[in-house]
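Have a look at the structure that comes next, please.
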There are 2 protein chains.
Amino acid sequence: MKQDRILIIGTGAIGGFYGALLAKSGADVSVVCRSDYDTVKKQGYSIQSDELGEWTFMPSQIVKSAADFKGLADYIILCTKITPEVNRTLLIRDAVSENTCIIFIQNGVEVEQELLAVFPNNEVISGLAFICCNRVQPGVIHHLAYGKLTLGNLNSRPGKTGKAQHLCDLINQAGIESIISDNIISSRWLKCLWNVSFNPLSVLSEGLSTQEILNSQEKLVRNIMQEVCNIAEACGHPLPTDSININIQNTYAMPPYKTSMLLDYEKHQPMEIEAILGNTVRAAQREQVACPTIDALYALMQLKELSGTHI
Amino acid sequence: MKQDRILIIGTGAIGGFYGALLAKSGADVSVVCRSDYDTVKKQGYSIQSDELGEWTFMPSQIVKSAADFKGLADYIILCTKITPEVNRTLLIRDAVSENTCIIFIQNGVEVEQELLAVFPNNEVISGLAFICCNRVQPGVIHHLAYGKLTLGNLNSRPGKTGKAQHLCDLINQAGIESIISDNIISSRWLKCLWNVSFNPLSVLSEGLSTQEILNSQEKLVRNIMQEVCNIAEACGHPLPTDSININIQNTYAMPPYKTSMLLDYEKHQPMEIEAILGNTVRAAQREQVACPTIDALYALMQLKELSGTHI
């Protein structure tokens with residue numbers, strides 16, 4: 001059987017970890033890697049998983065841009081943050097060929113169209129990772145917990161439907177759960193329920209943990225989540241009625257956790273304000289759904305970002 | 001004519017400045033002063049006014065609590081911040097006698113009842129200061145601009161109505177405008193329009209100036225102000241229809257300004273969250289007026305205060 005050729009673009013914690021899993025399952029995995037290039041070129045990635053143990057992932061090719069990748073990629077997995085500074089199409093374009101399946105494992109809602117419009121003939125898969133993992137130093141990735149990867153075809157058609165399932169199989173084979181979602185757009189809104197709430201609140205409170213936020217202001221969190229439910233429903237993706245309660249309960253049960261926006265904020269790096277909050281607010285405007293709390297959070301996060309430029 | 005005996009309680013920038021003006025106009029002005037006691041005892045207050053020049057204000061009595069004040073006060077002027085830690089009644093009680101007129105120059109809405117309930121037989125005057133002044137070091141007060149003091153009787157009755165006017169006259173005589181408001185409660189809501197907006201936004205944005213906030217998020221500011229208008233109207237104090245536009249225009253015209261909450265936040269001191277935001281939200285709840293944006297700001301400021309305790 002032919003070895004799958006996979007190119008990971010954006011190899012922070014998420015891209016590095018899933019790339020390492022796919023290599024473990026026998027795929028030929030290459031990476032586009034910028035900031036950690038020298039380290040990775042020398043010694044690959046050191047994966048330190050509390051669940052799966054430690055191992056080294058040495059990519060097949062280590063390149064600085066998609067244009068430098070040699071050969072045809074069966075899969076391109078895009079794992080960068082989505083910020084206005086990043087043009088996702090340009091990042092991957094040079095490595096996309098006729099049969100390349102494009103997967104993006106990224107946060108945010110309504111982030112599909114940008115890729116579907118430019119690559120109408122390629123299979124495009126939307127991916128959602130529920131994972132705690134951090135890049136602790138160049139080329140070193142610490143996987144603390146979870147890891148479930150949900151994948152959903154955005155434009156599956158006869159003859160092309162096997163790719164998402166095949167990727168699932170490889171991840172599962174490496175010891176991490178991966179599933180196919182029949183309605184990945186709803187799954188994305190469901191994840192957004194959490195992200196729209198806890199990401200900005202952790203930043204605006206200047207670093208409170210999810211636990212502390214809930215202990216003090218559960219009602220605010222519920223208001224935000226209800227607004228997300230209203231928007232998702234108006235967009236044709238109603239969320240299960242108990243979504244809010246389940247999210248609140250699960251977050252109480254989680255260890256105190258620093259959100260991705262908070263980590264970015266603390267490192268003075270761009271935050272995914274537009275992909276998570278901006279796109280939610282724009283969907284609400286389009287569907288004429290009121291979301292005053294999220295409107296305020298979005299505005300406040302823009303102010304926060306502005307004040308960050310003072311530092 | 002008998003010299004007016006005035007006791008100022010809470011002599012930060014505001015109390016010190018108005019006390020100095022009243023002394024300048026010939027009143028016998030004493031102060032309750034804690035943190036700056038030693039300095040003030042030795043050399044009084046140095047007032048440095050960009051408008052009125054420099055002078056020294058040496059209070060008649062300098063005491064550490066109202067109980068230590070000797071004699072009967074014609075006026076007690078309370079100028080502390082209003083925070084849950086401060087019991088306003090206890091602060092003044094020991095110096096209130098039968099004919100003492102109680103003035104509070106403090107921020108916030110619905111802050112009258114606490115004093116009216118405890119001192120039903122004393123004349124109580126609500127005061128609003130529109131002023132830029134800072135305590136730049138112990139005993140040194142810098143008056144940068146403005147200063148207008150608006151006073152309004154809360155329980156005037158025959159034979160007692162002259163006191164607010166008399167205080168006005170003394171302030172005017174010292175070179176700063178002071179007026180009587182026939183509807184001081186509305187005036188308080190009008191001031192709240194600005195305070196509810198810019199105070200929390202300056203803190204939540206981690207220090208942006210009023211200019212920067214407006215340049216980036218004028219719509220958010222307008223949403224907040226509209227909610228304040230709705231609440232004030234429901235409370236029986238409708239604000240003039242052009243209040244929002246005037247406030248926005250004036251704030252654009254002001255030099256970039258650090259709000260009082262931002263100054264407190266930066267000094268790790270208690271902020272007037274309850275007097276300004278909490279009381280506004282509670283008024284809205286009582287009157288069953290929706291104010292989702294202010295609800296969010298109030299919740300976020302509580303989170304902010306909570307994270308401040310980590311420092």
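Atom set for the values below is all heavy atoms of this structure, side chains included, hydrogens, waters and symmetry mates excluded. Here the structure is a predicted model, which is why all the values come from computation and not from measurement. Here is how names work: the chains are called A, B, and so on, in the same order as the sequence lines, proteins then strands, and each is numbered from 1.
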field: Contact listing (chain B partner; residues 214-224 of chain A; heavy atom under 4.5 Å)
entry: A/Ser216, A/Gln217, A/Leu220
field: Test item: side-chain donor near acceptor, B/Glu227 and B/Thr293, under 3.5 Å
entry: yes
- prompt: Any salt bridge (charged side-chain N to carboxylate O under 4.0 Å, His left out) pairs touching residues 233-254 of chain B, not counting sequence neighbours?
  reply: none
query: Would the number of heavy atoms belonging to other residues, nucleotides or ligands and lying under 6.0 Å from CD of A/Glu85 be above 12?
result: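 Result for CD/A/Glu85: enclosed.
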Interface residue of largest heavy-atom contact number with chain A, from B/Ser205, B/Ala296, B/Ala290, under 4.5 Å: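 Winner by heavy-atom pair count: B/Ser205.
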- prompt: Is B/Arg88 reaching over with its side chain to a backbone N or O of B/Lys81, donor-acceptor style, under 3.5 angstrom?
  reply: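 Flag not set: sc B/Arg88 to bb B/Lys81 has no pair under 3.5 Å.
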Residue pair B/Gln106 / B/Thr80, side-chain heavy-atom distance below 4.5 Å: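 They are in side-chain contact.
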query: Do B/Gln211 side-chain atoms and B/Met254 backbone N/O form a donor-acceptor pair below 3.5 Å?
result: yes
